[in-house]
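What you see is a predicted model; the values in this text were computed from it and never measured. A note on names: the letters A, B, ... follow the listed sequences, proteins ahead of strands, and every chain is numbered from 1.
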Amino acid sequence: QKEVEQNSGPLSVPEGAIASLNCTYSDRGSQSFFWYRQYSGKSPELIMFIYSNGDKEDGRFTAQLNKASQYVSLLIRDSQPSDSATYLCAVNYPDSWGKLQFGAGTQVVVTP
Amino acid sequence: ETGVTQSPTHLIKTRGQQVTLRCSSQSGHNTVSWYQQALGQGPQFIFQYYREEENGRGNFPPRFSGLQFPNYSSELNVNALELDDSALYLCASSLFQGRGNEQFFGPGTRLTVL
């Protein structure tokens with residue numbers, strides 16, 4: 001069982017719609033959760049982080065965390081073609097704040 | 001612009017050779033983490049350096065080693081290169097502060113081992 005799991009996609013989303021990405025993790029001791037966006041051929045870019053249960057909003061992005069269910073999600077509202085990328089979920093290893101374990105990523109394709 | 005820089009951008013080596021990759025952290029950051037990203041996979045944690053010492057290591061053999069310098073820049077060294085070492089090597093810079101540690105990635109070094 002992978003420690004951080006994401007649907008690989010591709011997730012096809014019409015322009016202007018909401019993209020919903022999900023991530024589950026196996027280590028209950030994890031405390032820090034991150035979403036990165038990675039365009040093809042580029043390095044990951046941090047777009048959201050969340051440490052407490054509940055929702056966190058930043059512009060068109062909302063991260064949701066449920067530690068009891070070991071589940072973190074990312075919503076992208078008003079999706080734009082420029083949002084087409086792979087979205088990586090990252091979770092810290094319980095024994096270290098600085099060690100991140102990543103999922104394999106979900107590819108999002110926003111269609112005009 | 002994250003401010004994290006890496007060199008070189010691309011590198012081609014043959015099996016058995018050694019390679020050194022370099023990373024300059026973002027201004028104000030004191031921690032550097034290194035990751036390996038194979039095609040179609042998420043980044044895999046190699047190790048992290050804080051105050052010039054290794055501060056955590058992933059499941060990589062000892063032929064992967066590193067350094068951090070007083071200016072917080074860092075090197076990743078890989079000895080006895082294998083074909084499976086071909087990947088994108090990413091350096092991430094952060095400010096060590098306990099919980100959190102938002103990490104910002106550099107552009108990466110694409111290593112090809114022939």
Side-chain angles (χ1 to χ4, degrees), chain A residues 2-10 21 23-27 29-53 56 58 63 65 67 72 74 85-107, chain B residues 1-6 9-10 21 23 25-26 29-51 53-60 66 68 74 87-110:
Chain A
K2 292 183 180 178
E3 293 167 327
V4 180
E5 294 209 44
Q6 300 179 250
N7 292 327
S8 60
L21 291 78
C23 172
T24 58
Y25 60 95
S26 61
D27 287 311
S30 295
Q31 296 290 327
S32 302
F33 307 87
F34 306 87
W35 284 99
Y36 286 84
R37 177 176 63 197
Q38 187 171 28
Y39 293 113
S40 181
K42 301 295 185 181
S43 63
E45 172 191 9
L46 180 64
I47 55 172
M48 288 289 291
F49 56 90
I50 186 167
Y51 307 136
S52 302
N53 278 329
K56 179 182 179 182
D58 184 0
L65 175 61
K67 291 183 181 179
V72 58
L74 179 71
T86 295
Y87 290 79
L88 298 163
C89 171
V91 176
N92 78 293
Y93 283 92
D95 64 338
S96 171
W97 294 114
K99 291 169 59 176
L100 296 183
Q101 45 186 332
F102 283 80
T106 297
Q107 183 185 5
Chain B
E1 182 63 50
T2 66
V4 182
T5 62
Q6 291 186 245
T9 304
H10 295 87
L21 310 181
C23 170
S25 60
Q26 181 173 322
H29 286 179
N30 57 11
T31 303
V32 172
S33 304
W34 286 93
Y35 293 83
Q36 179 196 67
Q37 186 176 25
L39 202 60
Q41 301 297 317
Q44 297 294 313
F45 178 79
I46 302 174
F47 43 56
Q48 181 182 80
Y49 278 84
Y50 170 62
R51 290 185 175 178
E53 293 190 356
E54 189 177 285
N55 181 44
R57 187 177 184 94
N59 189 28
F60 280 81
Q68 186 181 34
S74 177
L88 179 66
Y89 287 85
L90 296 161
C91 160
S93 163
S94 59
L95 177 63
F96 186 84
Q97 53 187 1
R99 172 172 156 169
N101 281 294
E102 295 93 42
Q103 298 184 18
F104 299 89
F105 284 94
T109 294
R110 174 75 61 186

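Residue contact with chain B, scored on non-hydrogen atoms closer than 4.5 Å, is absent for A:Q6. Only the backbone of B:R57 comes within contact range of chain A, with at least one heavy atom under 4.5 Å from a heavy atom of that chain. Residue contact with chain B, scored on non-hydrogen atoms closer than 4.5 Å, is absent for A:F33. Looking at B:Q37, the atoms closer than 4.5 Å to chain A (heavy atoms on both sides) all sit in the side chain, from C-beta outward. If you measure heavy-atom distances from B:S33 to chain A, the contacts under 4.5 Å come from the side chain alone.
For the pair B:L90 and A:S43, the tightest heavy-atom approach, listed with the atom from each and the gap, is CD2-CB, 3.7 Å. Heavy atoms only, all atoms of each residue included: B:P43 and A:P44 are closest at CG-CG, 4.4 Å. Pairing each heavy atom of A:L100 with each of B:F45, the nearest pair is O-CB, 3.7 Å. Smallest separation of non-hydrogen atoms from B:L88 and A:K42: CD2-O, 4.5 Å.
When each of A:F49, A:Y36, A:F34 is tested with B:Q103 by the rule side chain to side chain contact (heavy atoms under 4.5 Å, CB included), just one qualifies, namely A:Y36.
In this pair, A:F102 and B:Y35 present their aromatic rings perpendicular. The plane angle is above 60°, beyond the 30 to 60° band.
No donor-acceptor pair under 3.5 Å is formed between the side chain of B:Q48 and the backbone N or O of A:K99.
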